[in-house]
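Below is one structure; the comments refer to it alone.
Here is how names work: the chains are called A, B, and so on, in the same order as the sequence lines, proteins then strands, and each is numbered from 1. When reading the values below, keep in mind they use all heavy atoms of this one structure, side chains included, and skip hydrogens, waters and symmetry mates.
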2 protein chains.
Amino acid sequence: MQPTTQETNQIDTQEGVAIAQLARQLKALGEPNRLRIVQLLREGVQCNCELGDALGMAPNLISHHLRTLREVGLVEVERDAVDARWIYYSLDRDALAALLGAFDAFFDPARIKERHPACGPQGSLVRLDEIGVAA
Amino acid sequence: MQPTTQETNQIDTQEGVAIAQLARQLKALGEPNRLRIVQLLREGVQCNCELGDALGMAPNLISHHLRTLREVGLVEVERDAVDARWIYYSLDRDALAALLGAFDAFFDPARIKERHPACGPQGSLVRLDEIGVAA
DNA sequence: AAAATAGTTCAATAACTATTGATCTATCAA
DNA sequence: TTGATAGATCAATAGTTATTGAACTATTTT
């Protein structure tokens, strides 16, 4: 009773949704300026203006990138309690931890199976091997 | 004596090159179909045809995505020794391990500093705090 | 030599996105 | 109320890229 998609052939569909989410977040992070923004947020920088100063980018562009980071759930927003004009951005620790976990699980070297061609001449050889024939 | 870039302000420039490389690889991985290809490669699937079958994609499109994965160094290519028409793709274990290390280092939750606004009203408060004034 | 096989490369298109400049909102200060 | 401040949103543009279809290369088979 899995969440049905179309092409369920070799892949365990279980991971389907997780893959979509992982792709979304990696896509958001796969942009140098956004990665630098994350780096700055990691260091405690929080307002649009200072991010812009540090990166030499216009505030509206910073705003744009922060938005995409927000949309994938990696960044949180907060208004200043004293002066509501200021908006503070910060990394969502939980989301980041979850991403780290998903990434580590997905790319765990231990999960990489040895060569296992299922087609081509070497594929047939391996298949013989699997049946129980010695190499 | 760091590799000089323009806007060296808040960021340690040391990480600059690493960030560019990390962004390149994350960008390559930030696409659902490519992520699924990686997933299949991880399971040992290796030829264009079977990847295409599993994902319901045309061979030329598989070729395209494999190329971008190759270009960021995550995937290796090898021709069949018996029948040179077959080309086997596989994950570059070392590159993947390196990426995993870089990713974990970059997003290590322990590296995320506490709120530290340097601008805005709360920023001044914190600055006072740093000078030695009690909250 | 001719046909089939496995896959790549090329050209075109449609969708997306980073960047820029201008405008707009909300809030605080004078 | 007027002006300044912090930032978001809008519109336009340029560059990028996923996808498709056709043509091409290399290799093996008949």
Counting the atoms with a prime plus P, OP1 and OP2 as sugar-phosphate, which does A/I87 contact under 4.0 Å by heavy atoms, base, sugar-phosphate, or nothing? sugar-phosphate
Base, sugar-phosphate, or nothing: which does A/H65 touch, judged by heavy atoms less than 4.0 Å apart?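 Contact class for A/H65: sugar-phosphate only.
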Please state how far atom [atom1] in [X] lies from atom [atom2] in [N], giving the value in whole angstrom units.
{"X": "B/W86", "N": "C/dT5", "atom1": "CH2", "atom2": "C1'", "answer": "8 Å"}
{"X": "A/N48", "N": "C/dT25", "atom1": "CG", "atom2": "P", "answer": "19 Å"}
{"X": "B/I62", "N": "D/dT20", "atom1": "CD1", "atom2": "P", "answer": "11 Å"}

Scan nucleotides 21-27 of chain D nucleotide by nucleotide, 5' to 3', and note B when protein non-hydrogen atoms come under 4.0 Å of the base, S if they reach only the sugar-phosphate, - if neither. BB----B
Test salt bridge (Lys or Arg N to Asp or Glu O under 4.0 Å) applied to A/E78 - qualifying residues, sequence neighbours left out: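 Once residues adjacent in sequence are excluded, the partners of A/E78 under the salt bridge (Lys or Arg N to Asp or Glu O under 4.0 Å) criterion are B/R115.
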For B/R93, salt bridge (Lys or Arg N to Asp or Glu O under 4.0 Å) partners two or more places apart: A/E114
Residue mapping more 5' on DNA chain D - nearest nucleotide basis, A/Q46 or B/T68: A/Q46
Applying side-chain hydrogen bond (donor to acceptor under 3.5 Å, both in side chains), name anything that partners A/E71, two or more places apart in sequence or on another chain.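 Checked A/E71 against side-chain hydrogen bond (donor to acceptor under 3.5 Å, both in side chains); matches are A/R67.
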So the ring pair (Phe, Tyr, Trp, His ring centres under 6.0 Å) pairs with at least one residue in residues 91-115 of chain A (sequence neighbours excluded) are A/F103-A/F107, A/F103-B/F103
Counting N and O atoms only, with roles assigned by atom type, does the side chain of A/R34 sit under 3.5 Å from a partner on the main chain of A/H65, one being a donor and the other an acceptor?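 Not confirmed, A/R34 side chain does not pair with A/H65 backbone.
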With a 4.0 Å limit, can you tell me whether A/K27 has a side-chain N or O closer than that to the phosphate oxygens OP1/OP2 of C/dC16? no
Below 4.0 Å: OP1/OP2 of D/dT9 and any side-chain N or O of A/R67: yes
Residue set satisfying side-chain contact (heavy atoms from CB on, under 4.5 Å) with A/Q25, at least two apart, ordered chain then number -> A/Q21, A/V72, A/L74, A/L99
